[in-house]
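This chain uses plain numbering: 1 for the first residue, then up along the sequence. As the structure is a prediction and not an experimental result, all values here were calculated from the model.
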Amino acid sequence: MRSSRLLLQRSHALYRRSVNTWSAVGAAFNVQHQRFEHLQKNVGLFGVPELSGPAGFQMAQHQALREAEFLVHKACTHPPGAVTVETFDQLSDSLCRVADLADFIKVAHPDAAFREAAERTCVEIGTVVEILNTNVDLCQSLKNLLGNEAVLATLDSDTRRVAELFMFDFEISGIHLDYSKRSKAVALNVKLLDLYHVFLSGSQLPNAIDKQVLPEHIRHCFSIDGNRVQIGGLHADSPNELVREAAYKIFLYPNTSLLLCLDELLACRHELATLVGYESFAHRALKGTMAKTPETVMKFLKLLTEKLSDRTSKDFKMMKEMKKKTHTTNPEVMPWDHAYLSSAIRTEMFNIDPSIYSPYFSLGACMEGLNCLFTQLLGVYFQAEQPKMGELWSEDVRKLAVVHETEGVLGYIYCDFFRRPDKPHQDCHFTIRGGRLRDDGVYQLPVVVLMLSLPPPSGRTPSLLTPSMVENLFHEMGHAMHSMLGRTHYQHVTGTRCSTDFAEVPSILMEYFASDYRVLRQFARHYQTGEPLPENLVSRLCESKRVCSAADTQLQIFYAALDQVYHGKPQYRSTTDILREMQEKFYGLPYVNDTAWQLRFSHLVGYGAKYYSYLMSRAVASMVWRQCFLQDPFSRVMGERYRREMLAHGGSKEPVLMVQGMLQKTPTIEDFVDALVLDLNANVKSSV
C-alpha cells in the first residue's frame, strides 16, 4: 500500500513541474507511437495467442463452441441451484469473449483479412446464440431453478436477478411458446436481422439527382458523378441557405423500397412482441429500464415539452432574427436552418474559436487531468503499460492499466484515439472482456477499448484537442470507468451491460467534470508556455452551450417521441404521416413535403423504443452532479458513494434503485424534467 501512495504523491507532483515534463501517462499520449522489437514473440490480439493471424479467429471460435457444448450439457444435467446461474454465465462469457472481440476487430483492424475473419466469426457465433436461445432443455433447467421456491430462497439478490435476465432472453425468443409459434418467432428474428441490414445500409446511401436540376453556382458544393450530383448528407453547417435547402430536400427524398423496408421492420417487431406476450415492441423493449413503460416515457417527453415551451419559442425567435440578417428570400426558419442559425447566434454572442482552446488541451495533459481526478475521487490511477508484439491492431494504440490504491489492478483500457485511414469516425466504448468472479476465486479483469478520432501528435507538437474533443474524451472515459469499477459476480451484467437509459449516466456525468473550471485548472495549460487556461474562456464556453439549447433539446424530444409512436401499437398509416404529426406536436418547425427524415434515423435499429434514454440519462447525471459533486468535484466521500451505489453493480441491480441509493431519495418524472430545465436555465458549472 505504501509504495502505491508514493506513486500517487509523485503523480501529483508532476502537475507542479515544467510543462514539458510529463508523467508516464502524459508522455504515452503526447509522443509518437512506440516501436516493437520484431524478434519478440507474437502474443496475439489482446494477448489471445490464437489471434496472431486472421486464421486464429476460426481456432478461437472452435474452442469457444466446444466449451459452450460442455457448459450446455452441465446446465441441463446439474440439479438447480446457484451453480445453474454460474454455468449460464460461463456459457455467456465463453461466447462473448470471442464475439465481443470479433465485433470490435471487424470495424477497427486496418488489415482487411482480420476484419473479414472477425466478421465471419460474429455471424457464426450469432447463429449459435440464436440456437441456444431456442434450446428447450437449456431453458427448462432455468425454469426448474426459478420455479423452486426453496432453492430460490438460498440465492442472493444478484444471482436471482441474473437468472431472471437470462429467462427474459429466452422469453423474448419465444421459448415458452408451442412449436408452431416458436418457429414463427425464430423466423421473425431471422427476418429482422435481414431488415436491419437493409435499412442501415439504405440509411447511409446518398441520393443522386441530375445536375441540371441544381443551380450551377451551388453544384460544386456536392459530389458530381458525370451528369449526376451525389448528395450524402444534410450540409447543415453550410452558410449558403440554398445549399442547405437543396441538400435537405434531396438527401431526405423518399425511397419507396426503403419505406417498405421500414414498414416491414416495424410490423415484424410488433408481431414478435405480441407473439411473446407484450402489448407492443415498446412495452417489450422497456422492461427492466428506469422508465419501465412507454406511457412513462411519453409522460416524460410531454412534460418536458411543456416546461421548455417558452424557452423553445424564444430560441426559434432568435433564429428568425438571425435569419433576417442573412438577407434570406424566405424569412421563416425551416428545418434545414436549425443547426446553422444556432451556430451563427453562438458565434455572434461569444465567438468561440476552438483553436484558441486547443493549445491548452494537449491529449497528454487531458489524460493526466483524468488521472488526477480519478485518484482524488475514486482512489484509482492509470499506469501506462508496454504492450507486447501482436497485442495491438495498430501501433498508435496505447494500453493503460487501471489501478486502485489498495485493491490493485482493476482492468485494462486500450486507447485507440488517433485518426488513421479506414478507421471509423466514431467515438465509442467497446467491451472486449467482461469482469466476473471465476470458479477459482480469482476475478476476471475487464478489458475495454475506447475509440476516438483525434489528431495524432506530429514532430514536436502533441495531439491538441478542441473543447468538444475534450468533452468526448471525458464522456467515453466515463463508460470505461463504469466497466473498470464494476465488481459484479457475473459478466452478463458487468459494467455497461445494464439498462440503456442508465448506461449513459456515468458518461454524461463526466461531461459536467469536463466543464468545471476547478477540474480544468488542474491540467489545462498551454503546451508551449505553461500558461493556465484563463477562467473567462471556460465561462464563455459554458454560456455558449446554453444558446438555443431549448430548441436543440426539443429536437431530441421529437426524435424520441417519433421512436415511441413507431414502436407502439400499429397506427395503420404511413411512417411519413406519423412523422408529420409528431413534428407538429413536438418540434416547432414545419414538415417539408416530399421528405422522409425517418429513413435516415438509423438509431431506430439499435435504439428501437429507447431513443429517449439519452435525455433521461442526462437528467439523472444532472441530479447526481448538483447534489453530490457541484459543491466539491473532488469529494472522496461522494466518489466512494458513487462507486458503491452506481458503478459497482453494472446491470445486477434495478437502475432506479441505484439512482435512489446515490441521491438518497426516489426521483420522480417531474424531478427528471426539472433537472433538464434547470440545466438550460442556469450555469451549473461553478468555479472557485
Side-chain angles (χ1 to χ4, degrees), residues 221 233-249 251-252 301 304-305 307-357 466-472 475 508 511 515 537-562 582-584 586-592 595 597 600-601 611 614-615 618 622 676-685:
C221 297
L234 292 172
H235 292 253
D237 297 327
S238 173
N240 188 316
E241 182 185 2
L242 189 56
V243 169
R244 298 196 305 273
E245 180 180 355
Y248 189 93
K249 290 180 174 178
F251 186 61
L252 299 184
L301 298 175
L304 184 54
T305 297
K307 288 287 185 80
L308 290 180
S309 178
D310 290 344
R311 275 288 308 273
T312 304
S313 297
K314 288 177 184 176
D315 285 355
F316 284 131
K317 185 177 180 181
M318 277 200 302
M319 290 185 200
K320 190 169 185 177
E321 292 300 315
M322 175 57 72
K323 193 169 184 182
K324 286 179 183 176
K325 297 178 184 179
T326 65
H327 308 292
T328 177
T329 55
N330 178 5
E332 296 304 314
V333 178
M334 300 300 289
W336 53 78
D337 295 321
H338 183 145
Y340 172 73
L341 293 177
S342 59
S343 176
I345 294 167
R346 276 190 287 272
T347 300
E348 182 178 81
M349 293 176 68
F350 297 100
N351 193 27
I352 300 296
D353 181 357
S355 67
I356 295 174
Y357 292 82
T466 65
S468 63
M469 289 175 183
V470 174
E471 185 174 277
N472 288 350
H475 179 102
I508 294 173
E511 295 177 19
S515 298
L537 286 184
V538 179
S539 300
R540 286 174 57 212
L541 184 64
C542 292
E543 289 169 21
S544 73
K545 289 178 181 178
R546 297 201 313 279
V547 174
C548 296
S549 56
D552 294 342
T553 301
Q554 197 60 54
L555 180 59
Q556 295 302 312
I557 294 170
F558 158 50
Y559 295 160
L562 181 66
M582 290 298 103
Q583 189 161 335
E584 289 172 0
F586 288 100
Y587 187 18
L589 296 183
Y591 167 76
V592 179
T595 62
W597 179 84
R600 303 296 181 178
F601 194 9
Y611 192 82
Y614 183 80
L615 287 168
R618 179 163 289 281
S622 173
L676 289 171
V677 173
L678 196 56
D679 261 9
L680 300 183
N681 289 333
N683 187 358
V684 300
K685 290 86 177 177

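Residues that satisfy the side-chain contact (heavy atoms from CB on, under 4.5 Å) test with Ser549, not counting sequence neighbours, are Arg311, Arg546, Leu680. With sequence neighbours left out, the side-chain hydrogen bond (donor to acceptor under 3.5 Å, both in side chains) criterion links Glu584 to no other residue. Looking at residues two or more places apart in sequence or on another chain, you find no side-chain hydrogen bond (donor to acceptor under 3.5 Å, both in side chains) involving Asp310. Checked against side-chain contact (heavy atoms from CB on, under 4.5 Å), Thr326 has the following partners two or more places apart in sequence or in another chain: Lys323, Thr328. Annotation: side-chain hydrogen bond (donor to acceptor under 3.5 Å, both in side chains) contacts of Ser238 (sequence neighbours excluded): none. When the side-chain contact (heavy atoms from CB on, under 4.5 Å) test is applied to Ala247, the partners found at least two apart in sequence or on another chain are Phe222, Ile231, His235. Scanning for salt bridge (charged side-chain N to carboxylate O under 4.0 Å, His left out) contacts around Asp315 gives an empty result, with sequence neighbours left out. For Tyr559, the side-chain hydrogen bond (donor to acceptor under 3.5 Å, both in side chains) criterion is met by no residue, not counting sequence neighbours. For Tyr614, there are no ring-ring contact (aromatic ring centres under 6.0 Å, His included) partners, not counting sequence neighbours. Taking Lys314 as the reference, nothing meets the salt bridge (charged side-chain N to carboxylate O under 4.0 Å, His left out) condition, with sequence neighbours excluded. By the ring-ring contact (aromatic ring centres under 6.0 Å, His included) test, Phe251 is found to be paired with no residue, residues two or more places apart in sequence or in another chain being considered. Phe586 is linked by a side-chain contact (heavy atoms from CB on, under 4.5 Å) to Met298, Lys302, Thr305, Gln554, Ile557, Phe558, Ala561, Met582, counting only residues two or more places apart in sequence or in another chain.
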| query | Could you walk me through whether Glu543 and Arg346 pass the salt bridge (Lys or Arg N to Asp or Glu O under 4.0 Å) check? | reply | CA-CA 9 Å; Glu543 289 169 21; Arg346 276 190 287 272; over 6 Å; no
| Hey, mind stepping through Lys324 and Glu321 against salt bridge (Lys or Arg N to Asp or Glu O under 4.0 Å) and telling me if it holds? | CA-CA 5 Å; Lys324 286 179 183 176; Glu321 292 300 315; 3.5 Å; yes
| message | Is there a side chain to side chain contact (heavy atoms under 4.5 Å, CB included) between Trp336 and Lys249? Walk through the geometry before answering. | response | CA-CA 9 Å; Trp336 53 78; Lys249 290 180 174 178; 3.9 Å; yes
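Met319 approaches Ser342 most closely through the heavy-atom pair CE-CB, 4.2 Å.
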